[in-house]
Amino acid sequence: MQSAILGPIVALAAWTMIIWIWMYAKRLPAMGRAGIDGTKIVGSSSGALRDALVAKGEEKASWVADNYNHLHEAPTVFYAVCLVLAMVGQGDNLNATIAWAYVGLRVAHSLVQIFSNRVIIRFALFTLSSVALSILVVHAVMSVLLH
């Protein structure tokens, strides 16, 4: 059985991998410009690396990494709920449209965070995407628990 909601799942997964590549394409040159030797970083380095990049004026290099991390937060619920909707035969029509809206909002969130990092715009996009995700969760609850 093929479900239309699988398209948004694959699209968001592909976008996450694009951001992963973008993160390294942005961060490695920034580390070089900042004189940070990645081979000498030991242990949990995320915060320390971010602080070192910011101290050297390379804050924008961390914006992509921050967004990559964000794509592993709420979207995990999106993947799970969309798979449930596909499995119970509710992954077409309205739910597929809402899922595509969610993906579009997350891509827009990524682009804002990477290029300008305007928090108010990111917050609005995050809120809208959370509303879309909440609707998908409600639909899954209705299909699985109330059916």
Side-chain angles (χ1 to χ4, degrees), residues 1-34 36 38 41-54 58-147:
M1 173 177 76
Q2 182 78 351
S3 177
I5 207 163
L6 297 177
I9 293 172
V10 172
L12 190 57
W15 179 249
T16 301
M17 294 299 93
I18 289 167
I19 296 299
W20 176 69
I21 292 165
W22 196 342
M23 174 181 65
Y24 283 107
K26 192 88 163 145
R27 193 174 246 190
L28 293 176
M31 288 171 65
R33 288 189 301 273
I36 298 169
I41 298 173
V42 177
S44 178
S45 63
S46 179
L49 178 56
R50 178 182 234 302
D51 293 345
L53 286 168
V54 170
E58 295 287 350
E59 180 180 15
K60 289 183 179 182
S62 290
W63 292 355
V64 183
D66 293 343
N67 187 259
Y68 179 71
N69 289 334
H70 293 165
L71 289 170
H72 292 283
E73 294 170 350
T76 59
V77 176
F78 171 78
Y79 295 129
V81 77
C82 287
L83 287 173
V84 167
L85 288 166
M87 290 178 357
V88 299
Q90 296 295 314
D92 296 317
N93 303 319
L94 179 61
N95 286 328
T97 301
I98 295 168
W100 277 115
Y102 180 83
V103 171
L105 289 163
R106 291 308 305 214
V107 168
H109 178 274
S110 292
L111 295 173
V112 168
Q113 185 166 25
I114 290 166
F115 288 116
S116 71
N117 213 4
R118 297 283 310 208
V119 174
I120 191 67
I121 299 169
R122 282 180 37 218
F123 177 73
L125 292 166
F126 179 77
T127 300
L128 289 171
S129 71
S130 294
V131 168
L133 181 55
S134 295
I135 292 167
L136 291 172
V137 169
V138 167
H139 289 176
V141 166
M142 289 169 50
S143 295
V144 173
L145 298 180
L146 302 178
H147 207 262

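To the nearest 0.5 Å, atoms CG (Asp66) and NZ (Lys60) are separated by 14.0 Å. One finds the CE atom of Met31 at 11.0 Å from the CD atom of Glu58 (value rounded to the nearest 0.5 Å). A distance of 12.0 Å separates OH of Tyr102 from CD1 of Ile9, quoted to the nearest 0.5 Å. Rounding to the nearest 0.5 Å places CG of Leu53 at 4.0 Å from CD1 of Ile36. Once rounded to the nearest 0.5 Å, the distance linking CG of Leu12 with CH2 of Trp100 reads 9.5 Å. With rounding to the nearest 0.5 angstrom, the OH atom of Tyr68 is 11.5 Å from the CZ atom of Arg27.
More than 12 heavy-atom neighbours from other residues, nucleotides or ligands sit within 6.0 angstrom of OH on Tyr79.
The minimum heavy-atom distance between Ala86 and Leu6, with the atom names listed, is CB-CD2, 4.2 Å. Residues Asn69 and Glu73 share a closest heavy-atom pair of O-CG, 3.5 Å. Counting all heavy atoms, side chain and backbone alike, Pro75 lies closest to His70 at CD-O, 3.5 Å. Of all the heavy atoms in Ala4 and Ala96, the pair that sits closest is CB-CB, 3.8 Å.
Take Arg118 and apply the side chain to side chain donor-acceptor pair (under 3.5 Å) test, not counting sequence neighbours, and it matches no residue. In terms of the side chain to side chain donor-acceptor pair (under 3.5 Å) criterion, residue partners of Asn117 (sequence neighbours excluded) are, by chain and number, Arg122.
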For this session: Let me see the working for Ile19 and Ile114 under side chain to side chain contact (heavy atoms under 4.5 Å, CB included), right down to the final yes or no.
Result: CA-CA 10 Å; Ile19 296 299; Ile114 290 166; 3.5 Å; yes
For this session: Please assess Asn67 against Leu111 for the test side chain to side chain contact (heavy atoms under 4.5 Å, CB included), listing each intermediate value before the final yes or no.
Result: CA-CA 9 Å; Asn67 187 259; Leu111 295 173; over 6 Å; no
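For the pair Phe123 and Thr127, the minimum side-chain heavy-atom distance is below 4.5 Å. For the pair Gln113/Leu125, no side-chain contact is recorded, criterion being any heavy-atom separation below 4.5 Å from C-beta on. At a threshold of 4.5 Å between non-hydrogen side-chain atoms, the residues Trp15 and Val103 do not count as touching. Between Leu105 and His109 there is no side-chain heavy-atom pair separated by less than 4.5 Å. Arg106 has its side chain within reach of Leu71: a pair of non-hydrogen atoms, C-beta onward, lies under 4.5 Å apart. A 4.5 Å side-chain heavy-atom check between Ile98 and Leu133 finds every atom pair outside the cut-off. Inter-residue side-chain proximity for Leu136 and Val77 is flagged as unmet; no heavy-atom pair is nearer than 4.5 Å.
The closest side-chain donor-acceptor pair between Gln90 and His139, if any, does not fall under 3.5 angstrom.
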